[in-house]
2 protein chains.
Amino acid sequence: MSKSKRLMELMMTVNRMRKFTVKELAREFGVSPRTILRDLQELSELGVPLYSEVGPHGGYQVLKERVLPPIAFTEEEAVALFFASHALRHYRYLPFRSESASALSKFYHYMPGDVRDRIDEMKNRVDFRTPARQAEFPFLSELLDAAVRQRVLRIDYASREGESCRDIQPVGIYASHGLWYCPAYCFLRREIRLFRCDRIKGAREADAAMKPVDLNGIHLDNWESLDPAEREWVHLVAELGPEAIPRCEDELGRRMTIHVREDGSGWLNADIPRSELPYFARFFIGLGADASVGSPPELTDLIRRMLRELLERYEGKSN
Amino acid sequence: MSKSKRLMELMMTVNRMRKFTVKELAREFGVSPRTILRDLQELSELGVPLYSEVGPHGGYQVLKERVLPPIAFTEEEAVALFFASHALRHYRYLPFRSESASALSKFYHYMPGDVRDRIDEMKNRVDFRTPARQAEFPFLSELLDAAVRQRVLRIDYASREGESCRDIQPVGIYASHGLWYCPAYCFLRREIRLFRCDRIKGAREADAAMKPVDLNGIHLDNWESLDPAEREWVHLVAELGPEAIPRCEDELGRRMTIHVREDGSGWLNADIPRSELPYFARFFIGLGADASVGSPPELTDLIRRMLRELLERYEGKSN
DNA sequence: ATAATAGTGACAATCGTTGTCATGATCGAA
DNA sequence: TTCGATCATGACAACGATTGTCACTATTAT
């Protein structure tokens with residue numbers, strides 16, 4: 001095997017093993033320990049963070065910031081990748097903020113001048129906007145870590161009703177419209193609930209006594225469908241004007257299908273839980289004249305009531 | 001210089017030059033042409049897409065998909081980068097869709113097994129959601145290209161009033177809530193306007209007679225502030241409940257500052273163009289009891305009127 | 001035709017790589 | 001303490017890879 005190939009494979013191998021001795025590698029690669037030593041020194045010079053300890057039980061170690069085998073990207077791929085991480089800059093909080101920034105600058109730095117020029121030209125001409133939020137999300141890494149390792153966390157949660165302390169086991173975290181959410185099994189309610197991460201004011205490992213529940217097979221793509229069946233459902237029918245379609249896709253897109261006609265208008269036809277009627281009432285009021293609810297009657301009633309209340313407020317004020 | 005170093009530099013050099021002859025390179029690197037030929041063959045085998053033509057004015061060329069010098073990422077950086085481009089998968093339309101996908105799979109493919117495992121574990125546990133849209137955005141690349149190269153495009157635009165044909169010069173494109181927008185200088189209105197990309201039904205190079213205007217210095221970050229001064233402004237004051245804050249940040253965050261008090265409530269205090277009163281009226285109606293507008297009177301009047309209309313509609317229906 | 005270019009094969013000179021050996025240093029365990 | 005496991009370094013000869021040179025072919029624009 002040629003030296004350069006051996007170096008590549010060596011890099012992958014040490015990344016895989018994390019801890020190893022010179023002899024081991026020499027056997028594995030069929031070369032002498034002396035050669036391996038020379039190779040390791042070269043890897044070191046190439047930036048692989050190696051650390052060695054002498055003595056029995058000593059050996060080599062790769063420090064935690066492992067270096068991946070270099071990947072060659074085409075120019076187009078690099079540009080795409082650049083803008084992908086560029087898009088994340090709008091997030092003040094990320095589970096891996098600093099890494100994302102350093103990857104971005106590494107990219108930028110290593111690129112040949114003319115590609116950099118091209119990126120510079122495009123930088124201010126493509127963007128993925130995310131609403132800027134004042135809310136703080138200090139525990140994203142902890143929540144994600146707990147989700148991956150299936151651990152229970154004890155959190156301080158500031159809900160509308162006041163601050164409470166509860167044990168949860170996160171399913172995962174996701175950002176939507178610039179806010180972070182965390183669906184998690186709540187040991188208090190004994191079901192999966194959605195938490196807003198900015199309301200989580202504290203998070204630490206729960207008591208060892210708290211046994212994790214089995215959330216294998218439950219993840220971000222399917223937890224919503226695992227809703228408890230206790231709910232009572234009512235049937236929603238609404239007619240949508242063209243202006244209303246995007247707003248419905250925005251807020252309801254993942255819960256129901258939005259039917260669109262040729263002329264741009266559309267309609268909704270779906271079952272919704274009775275408990276969410278207030279939410280829907282307010283939502284359709286917000287759509288104004290672009291939407292009109294046909295059913296259920298409970299919803300139209302509620303809309304009327306809410307409209308009257310609002311109207312009273314605004315009439316009271318002006319008089 | 002060692003062979004491997006020379007190969008690296010060669011890769012960068014050919015990427016920079018795009019077109020070159022063997023002799024040139026031989027001179028530049030101080031080796032014989034024979035060696036360069038051997039090196040180029042190796043680069044070729046390593047995936048650099050080289051193409052050669054014999055004869056006078058012949059020579060080597062790098063095909064358009066240039067390969068960048070390999071960049072070594074740490075594990076954490078790779079994970080961050082992976083999730084950045086993972087986040088883009090929600091977009092059905094992107095100005096560089098296929099490249100983004102191939103970069104993602106290249107990443108995944110070249111990663112050592114255990115990092116891949118780690119990513120697999122996290123894949124379903126972190127997400128950046130974007131509303132799924134049915135709208136189509138077929139001309140993103142064309143718009144972006146025109147923005148970068150400062151070209152004029154002739155587009156077919158389907159606005160509320162019907163389809164029209166106009167010449168525009170894009171400032172850039174951006175995605176917000178899953179929809180793509182394109183601020184552009186409109187030669188019809190003679191000012192910068194915001195176009196929704198899904199309403200652009202056709203796009204092609206405009207007449208050569210259309211002279212591009214100078215949009216240097218105007219880009220996505222500043223075009224909004226270049227609004228024509230013709231507008232009439234009114235002063236908005238509104239009181240916000242805690243629930244209303246996120247929705248205001250979402251929709252108004254980039255136009256005005258949202259003041260937040262200790263207790264979670266907040267207020268708005270900003271100038272808005274009179275022409276947008278209907279938009280604001282509807283917006284505050286959508287906030288329901290969580291917001292109340294104090295001023296301007298025109299706005300509260302409008303809100304009252306709209307509420308009455310809505311109420312009539314819903315009362316008419318139920319009777 | 002001519003000149004400019006790529007492409008290949010052969011060979012010897014050169015240079016880099018490897019294994020072996022000797023030596024040293026450090027550390028943990030017996 | 002001594003012993004063995006480990007990293008670390010230097011010297012050198014054997015080996016193998018790389019390089020330059022030369023001779024030759026093939027293609028093409030002028």
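Because the structure is predicted, anything quoted here is derived from the model rather than measured. Lettering follows sequence order; numbering is per chain, from 1.
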Round to a whole Å and report the spacing from [atom1] of [X] to [atom2] of [N].
| X | N | atom1 | atom2 | value |
| --- | --- | --- | --- | --- |
| A:Glu24 | D:dA5 | CD | P | 14 Å |
| A:Leu40 | D:dA8 | CG | P | 9 Å |
| A:Arg6 | D:dA17 | CZ | C1' | 13 Å |
| B:Glu53 | D:dT30 | CD | P | 12 Å |
| B:Lys23 | D:dG20 | NZ | P | 16 Å |
| A:Gln41 | C:dT18 | CD | C1' | 15 Å |
| A:Leu37 | C:dT23 | CG | P | 19 Å |
| A:Ile36 | C:dT20 | CD1 | P | 13 Å |

Inset, instruction - Kindly point out which of C:dG19, C:dT5, D:dG20 is positioned nearest to the side chain of A:Val31? - result: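 Nearest to the side-chain atoms of A:Val31, counting from C-beta on, is C:dG19.
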Inset, instruction - Consider the side chain of B:Thr21, meaning its heavy atoms from C-beta on, and name the nucleotide among C:dC27, C:dA3, C:dT5 that approaches it most closely. - result: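 Between C:dC27, C:dA3, C:dT5, the one nearest the side chain of B:Thr21 would be C:dT5.
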Note: [X]-[Y] ion pair, threshold 4.0 Å (strictly below):
| X | Y | answer |
| --- | --- | --- |
| B:Arg204 | B:Asp156 | yes |
| A:Glu121 | A:Arg116 | no |
| A:Glu142 | A:Arg151 | no |

Just N and O in the side chain of [X]: are any of them under 4.0 Å from OP1 or OP2 of [N]?
| X | N | answer |
| --- | --- | --- |
| A:Ser32 | C:dT20 | no |
| A:Tyr60 | D:dA8 | yes |
| B:Ser52 | C:dG7 | yes |

Inset, instruction - Classify the side chain of A:Arg38 versus the base of C:dG19 as yes if they form a donor-acceptor pair under 3.5 Å and no if they do not. - result: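 Such a pair exists between side chain and base.
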Legend entry - Distance-only donor-acceptor test, B:Arg34 side-chain atoms vs C:dG9 base atoms, 3.5 Å: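 Answer is yes: a donor-acceptor pair is held.
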Inset, instruction - Would you check if there is a donor-acceptor pair between the side chains of B:His86 and B:Asp127 at a distance under 3.5 Å? - result: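 The answer is no; no qualifying pair exists.
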Legend entry - Flag for B:Asp214-B:Gln150: side-chain donor and acceptor within less than 3.5 Å: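 No pair is found: no donor N or O on one side chain lies under 3.5 Å from an acceptor on the other.
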Legend entry - DNA chain C: 5'-proximal contact among B:Val54 and A:His57 (nearest heavy atom):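 With B:Val54 and A:His57 compared, the 5'-side residue is B:Val54.
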